[in-house]
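In what follows, residues are counted from 1 in the order of the sequence shown.
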Amino acid sequence: MLFGDPLEGLDTDEMGYRGPVACSAAGITYRQLDYWARTGLLQPSIRAARGSGSQRLYSFRDILVLKVVKKLLDAGVSLQQVRVAVSSLQNRGVDDLASITLMSDGASVYECTSTDEVIDLLQGGQGVFGIAVGRVWREVEGSLAELPLERSEPAFVDELAERRRSKLSAS
């Protein structure tokens, strides 16, 4: 680190954050993170868990989506609707995320990319709330600024889990 940028020459697609760091930045508990990963709500995009002792590794984008999920759930949106919103966010390009505002009336989640769409929802006469993903982006960026970033490989491999996996595949 004495001679230049610490990330220089590293592939940032291989860099990520461990579960506890992701929890801290997203404002969720580790139990929530683990449950959401096991149920498929949000899988870590850099490295998934591979048996006991292995560590999930989350990208910046994953943590951004985790924080949006928390905000939606805190606002009373059903888990089913949150799953729809997450799949929509995961299909968007990274550059598109900052310009999206998610609106909800508590029953459905709407993706608004222009002020006209937001105005149309507000003129519907029912109460709605919005989450500006760009603002959440800046919050997550600020939270992660001082937290440790980790390289994806070499991954810690649990020897016992590896033996079980090879035994099962041989059968």
Measuring only between side-chain heavy atoms, which start at C-beta, is [X] closer than 4.5 Å to [Y]?
| X | Y | value |
| --- | --- | --- |
| R47 | R56 | no |
| E139 | L144 | no |
| L42 | V69 | no |
| L72 | V86 | no |

Minimum-distance pair of heavy atoms, taken over all atoms of G16 and I46 |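 Minimum heavy-atom separation between G16 and I46: CA-CD1, 3.5 Å.
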For residues L57 and P44, report the shortest heavy-atom separation together with the two atoms involved.
->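 Looks like O-CB, 3.3 Å.
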Tell me, please, which residues at least two apart from K70 pass side chain to side chain contact (heavy atoms under 4.5 Å, CB included).
->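 For K70, the residues satisfying side chain to side chain contact (heavy atoms under 4.5 Å, CB included) (neighbours in sequence not counted) are I28, D74.
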How would you list, by chain and number, every residue that makes a side chain to side chain contact (heavy atoms under 4.5 Å, CB included) with R31, sequence neighbours excluded?
->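 Residues passing side chain to side chain contact (heavy atoms under 4.5 Å, CB included) with R31: T29.
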If only atom types and distance count, is the side chain of Q43 paired as donor or acceptor with the main-chain N or O of A37 below 3.5 Å?
-> yes
Using 0.5 Å steps for rounding, measure from the [atom1] atom of [X] to the [atom2] atom of [Y].
| X | Y | atom1 | atom2 | answer |
| --- | --- | --- | --- | --- |
| L79 | T39 | CG | OG1 | 7.0 Å |
| L33 | R38 | CG | CZ | 10.5 Å |
| Y17 | C23 | OH | SG | 14.5 Å |
| S143 | K67 | OG | NZ | 5.0 Å |
| Q32 | L73 | CD | CG | 8.0 Å |

Given the rule that I, L, V, M, F, W and Y join up when any side-chain heavy atoms are under 4.5 Å apart, are V84 and L64 in one cluster?
->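 No.
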Any ring pair (Phe, Tyr, Trp, His ring centres under 6.0 Å) involving residues 55-79? Give me the pairs, sequence neighbours left out, ordered by first then second residue.
-> F60-W137
Answer yes or no: are there more than 12 heavy-atom neighbours, outside Y30 itself, under 6.0 Å from its atom OH?
->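 Counting neighbours around OH of Y30, more than 12 heavy atoms of other residues, nucleotides or ligands fall under 6.0 Å, so yes.
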